[in-house]
Amino acid sequence: MDYEPVIGLEVHVQLATKTKLFCGCRTTFGAPPNSQTCPVCLGFPGVLPVLNKEVVELAILSAIALNCTINPYSRFSRKNYFYPDLPKAYQISQYDLPLAKDGWVEISSGGKIRKIGIIRVHLEEDAGKLIHEDSGSLVDYNRCGIPLIEIVSSPMLRSSQEAYEYLNALKDILRYLRVSDCNMEEGSLRCDANVSVREKDAEGFGTKTEVKNMNSFKAVKQALDYEISRQIDLLEKGRRVLQETRLWDERESRTHGMRTKEEAHDYRYFPEPDLVPLSINPEWVNKISKRLPELPKDRMNRFLKEYGLPEYDALVLTSSRDLADYYEECVRLYNQPKVISNWIMTELLALLKEDGIEITQVKIKPEHLISMLGLIDKGVISGKIAKDIIVHMFRTGKDPSLIVEEKGLVQITDEDEVSKVIDEVILENKKAVLEYKSGKTKVMGFLVGQVMKKTEGKANPQIVNKLLREKI
Ligand code: ADP
Ligand code: MG
Ligand code: ZN
């Protein structure tokens, strides 16, 4: 039998506000345990939540970018359950009237573009964090009340690869919006993966399981692959898939059953009595939509058209908004899009990777990169020397002209000076010279290389070539 997976993802994204959803506590990552708490987020009796307006605006901005309809009227609901990381014993979330609904995200799948539906986007608060040690369990409430949006996809994804593409597309968009850093290791993006299998082209869906506890996109993909083959295996043996929540075990590369699926009624949802409903008028939505930047896919297409870049360059350069901004600032100063792309894609990105830093932290200013290219154009330095200079620029942030001066890296264009070195090289490499004369023109490269070596790469290659030929 031929089976087909059906996948829907529930993605929780932490919104990058300075303070929490319902209190003024900070949201700084990595602060000492319980240092960012107050009576509100610790759920003391009698406290009242106050909604953070910036959270609502970032959530609306996200929903707009995900092509959702913003509900003019939404409200918060209490989701009741007891767990030590939830001091109030309920989570303030949204249930029957979420902030936004009916959106989509584009992914590319097997060379084709697919629109993956988004059922809803809603706001909710995060819970605390339990730390289990041999001596017992500890709880850190810093994360309690951190603002999240939950983005629920429709069950439209048909392979683990599509799920992976979807997560990346989502991350790219949200990072462009600067609503979240979407860092999975720090928990600012979490994904629960719902998956079922069915006979290919069947009408209905099979029973799904929900897999949690993956800490990278790659792990989501692996967990889905594992779960898909586990379910197919069950069906092949004539057994049933149990509807349950399962945990991904990174070490063992498998999922384990955790609990049978909880239903909405288990949570006794009811409208949050301490908060007024959210009424969002079109003017407000309109105003927020003005904050919408050009999104990754649009920007990439523009890079292709406007700068005539190859698709790979455009993809890499628009992979982050800051990198794309950096690139465009360079192009604005020096209208050689492909030359700039080459320097950024090879030299600069390699240096960033080596140091593990982001483009925003780079010391090389666009104007300095451009003046380095100007030095090459004017023949002051060779392209080869420039590759050393860019490393110095990266380390020091200095103006390239200054580096050239300090290190005496000016290109040698004086023919007499080059001529002297060539004479030496000819004397020292008689054999190669003879070979050249007997028709082995390939050795020219070797001889040029010797001259460059003696001049520490500073001789102008055109002059070296010309004089060598003349002299031999
Ligand atoms: P639940 O009530 O179990 O939370 P929802 O209807 O809220 O289920 O959907 C949760 C997620 O599960 C959504 O992303 C949805 O696309 C996905 N989903 C729903 N049914 C299936 C199914 N049969 N197979 C795979 N995914 C599914
Ligand atoms: Mg659900
Ligand atoms: Zn607080």
Side-chain angles (χ1 to χ4, degrees), residues 3-12 17-28 31 33-44 47-52 55 66 79 86-88 92-96 98 101-105 116-122 124-128 140-147 150-160 162-163 166-167 170 190-199 202-212 220 223-224 227-228 231-232 235 240-246 259-267 269:
Y3 290 96
E4 161 181 78
V6 170
I7 300 164
L9 302 182
E10 293 165 281
V11 176
H12 289 92
T17 49
K18 282 201 184 67
T19 56
K20 293 186 180 180
L21 182 50
F22 300 119
C23 63
C25 290
R26 293 263 151 183
T27 57
T28 319
N34 299 306
S35 61
Q36 296 177 335
T37 56
C38 74
V40 174
C41 53
L42 288 174
F44 281 23
V47 294
L48 289 170
V50 176
L51 181 59
N52 180 336
V55 168
L66 300 175
K79 181 179 181 180
L86 191 73
K88 295 199 298 283
I92 302 181
S93 179
Q94 293 192 295
Y95 179 56
D96 52 352
K101 59 177 186 205
D102 300 336
W104 47 267
V105 171
I116 304 302
I118 287 174
I119 300 172
R120 57 190 273 147
V121 174
H122 75 239
E124 63 184 33
E125 59 179 341
D126 206 350
D140 176 4
Y141 287 122
N142 282 352
R143 224 158 72 183
C144 232
I146 293 251
E150 177 171 339
I151 302 161
V152 183
S153 89
S154 60
M156 272 178 81
L157 299 158
R158 288 291 172 270
S159 66
S160 62
E162 282 196 352
Y166 169 82
L167 286 172
L170 209 57
R190 277 166 283 168
C191 170
D192 302 338
N194 300 268
V195 54
S196 59
V197 297
R198 63 175 177 186
E199 283 171 35
E203 290 245 331
F205 291 149
T207 305
K208 73 175 163 86
T209 57
E210 180 173 348
V211 192
K212 292 177 184 282
V220 173
L224 282 169
E227 200 48 29
I228 291 164
Q231 291 185 12
I232 292 177
L235 297 182
R240 280 186 322 122
V241 173
L242 208 63
Q243 181 164 341
E244 61 181 352
T245 303
R246 299 179 66 88
R259 57 167 187 243
T260 54
K261 170 77 190 153
E262 67 288 347
E263 303 288 338
H265 63 247
D266 294 330
Y267 291 117
Y269 279 104

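Counting starts at 1 for both ligands and their atoms, in listed order. Atom set for the values below is all heavy atoms of this structure, side chains included, hydrogens, waters and symmetry mates excluded.
Heavy-atom contacts of S154 reach the following atoms of ligand 1: 16 (O) (cutoff under 4.0 Å). Shown in contact with F205 at under 4.0 Å from a heavy atom are these atoms of ligand 1, numbered in order with element: 23 (N). Atoms of ligand 1 lying under 4.0 Å from at least one heavy atom of L9, given by number and element, are 14 (O). Annotation for ligand 1: atoms under 4.0 Å from non-hydrogen atoms of S196 are 22 (C), 23 (N), 24 (N), 25 (C). Which parts of ligand 1 touch S153 is read off a 4.0 Å heavy-atom cut-off, strictly below it: atoms 13 (C), 14 (O), 15 (C), 16 (O). When each atom of ligand 1 is checked for a heavy atom of V6 under 4.0 Å away, the hits are 24 (N), 25 (C). Listed by number with element, the atoms of ligand 1 under 4.0 angstrom from any heavy atom of G8 are 14 (O), 16 (O), 17 (C), 26 (N). Remark: ligand 1 atoms within the under-4.0 Å shell around heavy atoms of G206 are 23 (N).
Remark: E10 does not engage K212 in a salt bridge, criterion side-chain N to carboxylate O under 4.0 Å. The pair R259-E244 fails the salt-bridge criterion, with no side-chain N (NZ, NE, NH1 or NH2) lying under 4.0 Å from an Asp/Glu carboxylate O.
When side chains are defined from C-beta on, N194 does not count as touching I7, because their heavy atoms never get closer than 4.5 Å. Using a 4.5 Å cut-off on side-chain heavy atoms (C-beta onward), L21 and I146 make no contact. Looking only at side-chain heavy atoms (C-beta outward), Y95 and K79 stay at 4.5 Å or farther from each other.
Annotation: the span from W104 atom CH2 to L66 atom CG amounts to 10.0 Å, rounded to 0.5 Å.
No side-chain donor-acceptor contact under 3.5 Å links K88 to the backbone of V40. Between the R190 side chain and the V11 main chain, no donor and acceptor come within less than 3.5 Å of each other.
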Practice task
Could you go through the side-chain contact (heavy atoms from CB on, under 4.5 Å) check for R198 and V6 one step at a time?
Solution key: CA-CA 8 Å; R198 63 175 177 186; V6 170; 3.7 Å; yes

Practice task
Take R246 and E210 through the test salt bridge (Lys or Arg N to Asp or Glu O under 4.0 Å) and record every step on the way to the result.
Solution key: CA-CA 6 Å; R246 299 179 66 88; E210 180 173 348; over 6 Å; no

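Residues passing the ring-ring contact (aromatic ring centres under 6.0 Å, His included) test with Y141: none are found, sequence neighbours excluded.
Of the polar atoms of P155, at least one N or O is found under 3.5 Å from an N or O of ligand 1, judged by distance alone.
When K208, E150, R120 are checked for heavy-atom proximity to atom 3 (O) of ligand 1, K208 turns out nearest.
Neighbouring protein atoms of the Zn ion (ligand 3) (N, O or S, distance under 2.8 Å, waters ignored): C23 SG, C25 SG, C38 SG, C41 SG.
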